[in-house]
Amino acid sequence: MITTSPLDNLHFDNRFLRELPGDTENINLPRQVSEACYSKVLPTAVSEPQLVAYSPETAALLDLPDSVCQSEDFLQVFAGNRLANGMESYAMCYGGHQFGNWAGQLGDGRAINLGELQNQRGEHWALQLKGAGPTPYSRRADGLAVLRSSIREFLCSEAMHHLGVPTTRALSVINTGEKVLRDMFYDGNPKLEPGAVVCRVAPSFTRFGNFELFSSRGEINVLKQLLDFTIRTDFPHLGEPSTATYLAWFSEVCQRTATMIVHWQRVGFVHGVMNTDNMSILGLTIDYGPYGWLENFDLNWTPNTTDAGGRRYRYGNQPSIAYWNLAQLANAIFPLIDEVEPLQQALKTYKDHFESGWQAMMANKLGLKAFATATDNDLCTELLSILQMAETDMPIFYRQLAKLPLDLGLTDDALIAPLANAFYLPETLSADYQTRLAAWLRVYIQRLQTDAQPEASRRQQMDAVNPKYVLRNYLAQQAIDLAEQGDNTMVLDLLELLRHPYDEQPDKQSYAEKRPDWARHKAGCSMLSCSS
Ligand code: AMP
Ligand code: MG
């Protein structure tokens, strides 16, 4: 075939589509789809696509040079106006537990897969457009996404990657030129907002909920096909599918999930909607909706207004929710194993892996050579209580902690001084609080002295895991406000800034500052609704 677009010369190997059963009906209307892993569906064309941003690193995974990403054809393909050669589009069928309740069939209601690109290194990367129009899984919604939530997903996926947190990636965010109606505050005042499409990229987008749906319907044959496929494609090191392999697979999913959650707790990321349909079987952060970043450290904080009542998905609850979600996955694959005991054993690996991962993570955050249970459990418990007591900016606190002079002779005031900038309301710190913080700092200094690490290497260890820059909620909102006016510069600035979140970037210091007071209760800066 003679073509002029480089996008038509990519290699697609659409295994999910080829090897798994698909929907036998071909009607793009909301409906229940049985005995199928996907439905073929085309993206809806849009009128005036405009590039907001693309990620050069994600493009590189797909062998796409800048010249291609800046081309008109890129815009057409990744806005959903044209399928490139080799692309075959489909929406995946899955279910899920939402806020603890079984919700039945959900599926890709506004995500349309374009196929699996095989790059020059032989890696498979599934491409998925989010916001590209209705699918059989759209239920009563429109299949679209607005610019604000699309920018949030785009920036956060890339920021998480550079922070070292397992995540799906984002290739591009494109303003569609269409308007989308959203009632952002669910208060009966819908507004037209700019629409957008993000192209997500991951080795696979399979979720816990894919397995749950087939199991719940008794479609055990499809369940088995999906699990065998998943093992062969994404877990080939486990060997050919068998009961033992299924267990090894589940155990690996438990471990990967534990690793992901340890990272979330480390950087202060709160997902906001840890429903089982939003849990990747690869242990990747997936489905960036009303997520948020801890600014003031608060174990009880949830960014999601829909979650404000029960706070199920609050920061401090993420580790146990992941466990609960894994238990649902265990239930889902039970028909293929028929024994409870080994699944329970595997589930326990989550707890063990999380515990040891959390300890190693805290040791790094505090600059300890290794976590010593005898002393460091108490050290960490007391630190978390102290952080919770006064409004304390988490990123600033840990960065400043690395600069603490290890001098037990200092007064309380002098000890606390390097941390002063981390407090939101420094004038309200009580004498008791300051005494308690200073006491903790003394215990911490003594603990560091037993390690006798050179100061420079301790600082380096701490700065490598305590980010200087995160996607602060108000920064994302400022970038969005500008982009909605047609100015994408701050989106690009943040994308660039967050490529090096652990480095000091002196000319970017303003992006490391505490949340300003005006942002404390502003929509998008403190709390988000699911409307997106
Ligand atoms: P989420 O809370 O984003 O994980 O979405 C839960 C379910 O609702 C998934 O099946 C989504 O695909 C679907 N969904 C969310 N928003 C829309 C929308 N605007 N149009 C169609 N489906 C949607
Ligand atoms: Mg979802």
Side-chain angles (χ1 to χ4, degrees), residues 28-33 36-39 41 43-44 46 80 89-113 128-150 152-154 156-157 167-168 170 176 178-184 186 190-198 200 202 204-213 216 270-282 284-292 302-307 312-313 321 325 328 528-532:
N28 191 7
L29 287 175
R31 59 196 162 85
Q32 294 293 308
V33 175
C37 292
Y38 60 85
S39 300
V41 59
T44 302
V46 299
S89 57
Y90 58 95
M92 288 164 82
C93 182
Y94 53 82
H97 278 86
Q98 297 185 312
F99 294 91
N101 304 304
W102 176 242
Q105 178 184 298
L106 296 167
D108 286 333
R110 55 166 164 180
I112 297 184
N113 297 269
Q128 183 176 89
L129 300 183
K130 181 172 179 181
T135 77
Y137 309 100
S138 297
R139 296 178 287 160
R140 284 179 303 280
D142 56 10
L144 304 175
V146 290
L147 184 61
R148 57 182 159 81
S149 64
S150 305
R152 283 169 48 84
E153 163 136 12
F154 173 79
C156 201
S157 312
T167 179
T168 60
T176 58
E178 312 275 337
K179 293 288 180 215
V180 173
L181 195 64
R182 286 290 180 270
D183 185 357
M184 183 159 119
Y186 299 129
K191 260 186 23 185
L192 284 174
E193 298 188 42
V197 171
V198 169
R200 299 162 150 182
S204 136
F205 288 103
T206 303
R207 302 141 190 272
F208 292 9
N210 294 66
F211 298 96
E212 286 181 275
L213 183 65
S216 77
V270 189
H271 184 285
V273 204
M274 290 178 69
N275 294 336
T276 55
D277 54 302
N278 292 339
M279 298 290 294
S280 142
I281 46 100
L282 295 177
L284 305 173
T285 313
I286 192 172
D287 268 17
Y288 291 90
Y291 68 82
T302 172
N304 181 355
T305 49
T306 311
D307 189 33
R312 179 179 173 86
Y313 298 140
I321 288 292
N325 288 342
Q328 306 316 308
L528 290 122
S529 77
C530 285
S531 157
S532 57

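Order of listing sets the numbers, starting from 1, for every ligand and every atom in it. One-based numbering along the sequence shown.
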Polar contact flag, side-chain donor to acceptor under 3.5 angstrom, Asp108-Thr135: no
Identity and separation of the nearest protein heavy atom to atom 5 (O) of ligand 1: Asp277 OD2, 4.6 Å
Heavy-atom closest pair, residues Cys93 and Ala36: CB-O, 3.5 Å
Identity of the nearest option to atom 22 (N) of ligand 1, non-hydrogen atoms only, from Ala111, Gly133, Gly109: Gly109
Identity of the nearest option to atom 9 (C) of ligand 1, non-hydrogen atoms only, from Ala141, Ala145, Gly107: Gly107
Side chains of Tyr186 and Thr306, donor plus acceptor under 3.5 Å: no
For the Mg ion (ligand 2), the closest N/O/S atom belonging to Asp287: OD2
Where Ile286 and Ser280 come nearest, the two heavy atoms and their spacing: CG2-N, 3.8 Å
Residue part near ligand 1, for Asp142, under 4.0 Å between non-hydrogen atoms: both
Selected option - heavy-atom contact closest to atom 2 (O) of ligand 1, from Thr306, Asn278, Asp287: Asn278
Tyr137 N/O to ligand 1 N/O under 3.5 Å: no
N/O/S from Asp277 sitting under 2.8 Å away from the Mg ion (ligand 2): no
Atom 13 (C) of ligand 1: nearest protein contact (heavy atom, Å): Arg139 NH2, 3.5 Å
Asn275 near the Mg ion (ligand 2) via N/O/S, less than 2.8 Å: no
Nearest-contact summary for atom 23 (C) of ligand 1 - protein heavy atom, Å: Arg110 CG, 4.0 Å
Proximity of Arg182 to ligand 1 by residue part, where a heavy atom lies under 4.0 Å: side chain
Smallest separation among heavy atoms of Arg312 and Asp307, with atom names: N-OD1, 2.9 Å
Chi angles and distances behind the side chain to side chain donor-acceptor pair (under 3.5 Å) call for Ser532, Arg110: CA-CA 11 Å; Ser532 57; Arg110 55 166 164 180; 2.7 Å; yes
For the student: nearest non-hydrogen atoms of Thr305 and Ser529, plus distance: OG1-CA, 3.1 Å
Residue pair Thr168 / Tyr288, side-chain donor-acceptor N/O under 3.5 Å: no
Minimal non-hydrogen separation, Leu106 against Gly96, with atom names: CD1-N, 3.8 Å
Any N or O of Gly143 closer than 3.5 Å to N or O of ligand 1: yes
